[in-house]
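Worksheet for the structure shown next.
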Amino acid sequence: MDFTLKHGETYSIYMNHEESEAVKTAVRNLKTDLWKTMGVSEETDCGRVKIFIGTLGVSEAFDSMIDKTKMQDEKGILRKEAYLHCIKDGSLVIAGSDRRGTIYGIYELCEQLGVSPFYFWADVPVKMRDELLFAADYEKADFPSIEYRGIFINDEEELEAWVKNNMGEETIGIRTYEKIFELLLRLKGNYI
């Protein structure tokens, strides 16, 4: 059965309460992106469309849904920061080999929805869509080929001036770093 989410529909996200705070933050951003791009809202446990999100090792029930071999190397070792998208019984499943892998899988879906990683920093408009459709055999597994991927803030003085005018902080602080780290994770980076 295909996975279909139409404009204005309701959905439910299922995630173990023991997931890391970083994964929970990415899920909150996904919910915002779903609202911005499709006008859909979450209905706890009663949405027609279901999305399951989890990190391997957090929940045995979730782990049993996943073909871990898709995130393993040729020796059968789980890759770092890998993720898997797949369709199970008409539901979208996003799995990560570790918490960053789960986050990258979430943000991959956000990008497929039409939300650029630079939506905040470059004012990239969010694209509205009528439908999100994945065929029943849809599957995407990915992992980084380079261990350290990151950004360097080259001109902190200019950023600090911008922060004072736009973020309500006297210096580069928590609100600004939240947006910097969100950008880093949306770009599937791990180093600053």
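Note that this is a predicted model, so its numbers are computed, not measured.
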Donor-acceptor side-chain pairing of Thr102 and Arg99 below 3.5 angstrom: no
Within residues 113-124 or reaching into it, pairs that qualify as side-chain hydrogen bond (donor to acceptor under 3.5 Å, both in side chains) - sequence neighbours excluded: Tyr119-Lys179, Tyr119-Glu182
Heavy-atom donor-acceptor pair, Glu169 side chain to Arg175 backbone, under 3.5 Å: yes
Among residues two or more places apart or on two chains, list those pairs meeting ring pair (Phe, Tyr, Trp, His ring centres under 6.0 Å) that have a residue in residues 166-192. Tyr148-Tyr191, Tyr177-Phe181
All pairs passing ring pair (Phe, Tyr, Trp, His ring centres under 6.0 Å) where residues 16-43 contributes a residue, at least two apart: none
With Glu19 via salt bridge (Lys or Arg N to Asp or Glu O under 4.0 Å) - residues at least two apart: none
Holding to side chain to side chain contact (heavy atoms under 4.5 Å, CB included), I want the full list of residues that pass it with Pro117, two or more places apart in sequence or in another chain. Glu111, Leu183, Arg186, Leu187
Side chain to side chain contact (heavy atoms under 4.5 Å, CB included) involving Glu147 - partner list, sequence neighbours excluded: Lys80
For Ala22, the side chain to side chain contact (heavy atoms under 4.5 Å, CB included) test, sequence neighbours excluded, returns Ser20, Ile103
Can you see whether Tyr104 engages Asp142 through a side-chain donor-acceptor pair at a distance of less than 3.5 angstrom? no
Could you pull out all residues at least two apart from Tyr138 that satisfy ring-ring contact (aromatic ring centres under 6.0 Å, His included)? Phe134
Return yes if a side-chain donor-acceptor contact under 3.5 Å exists between Asp89 and Ser91, otherwise no. no
N/O donor-acceptor pairs under 3.5 Å from side chains in residues 157-167, not counting sequence neighbours:
{"residue": "Glu160", "atom": "OE2", "partner": "Thr171", "partner atom": "OG1", "Å": "2.4"}
{"residue": "Asn165", "atom": "ND2", "partner": "Ala161", "partner atom": "O", "Å": "3.4"}
{"residue": "Asn166", "atom": "ND2", "partner": "Trp162", "partner atom": "O", "Å": "3.0"}

Those residues at least two apart in sequence (or on a different chain) that pass side chain to side chain contact (heavy atoms under 4.5 Å, CB included) with Phe62 are Phe52, Ser59, Met65, Ile66, Val93, Ala95
In chain order, what residues pass the side chain to side chain donor-acceptor pair (under 3.5 Å) check against Asp98, with sequence neighbours excluded? none
Could you list all the ring pair (Phe, Tyr, Trp, His ring centres under 6.0 Å) pairs where at least one residue sits in residues 77-102, not counting sequence neighbours? Tyr83-His85
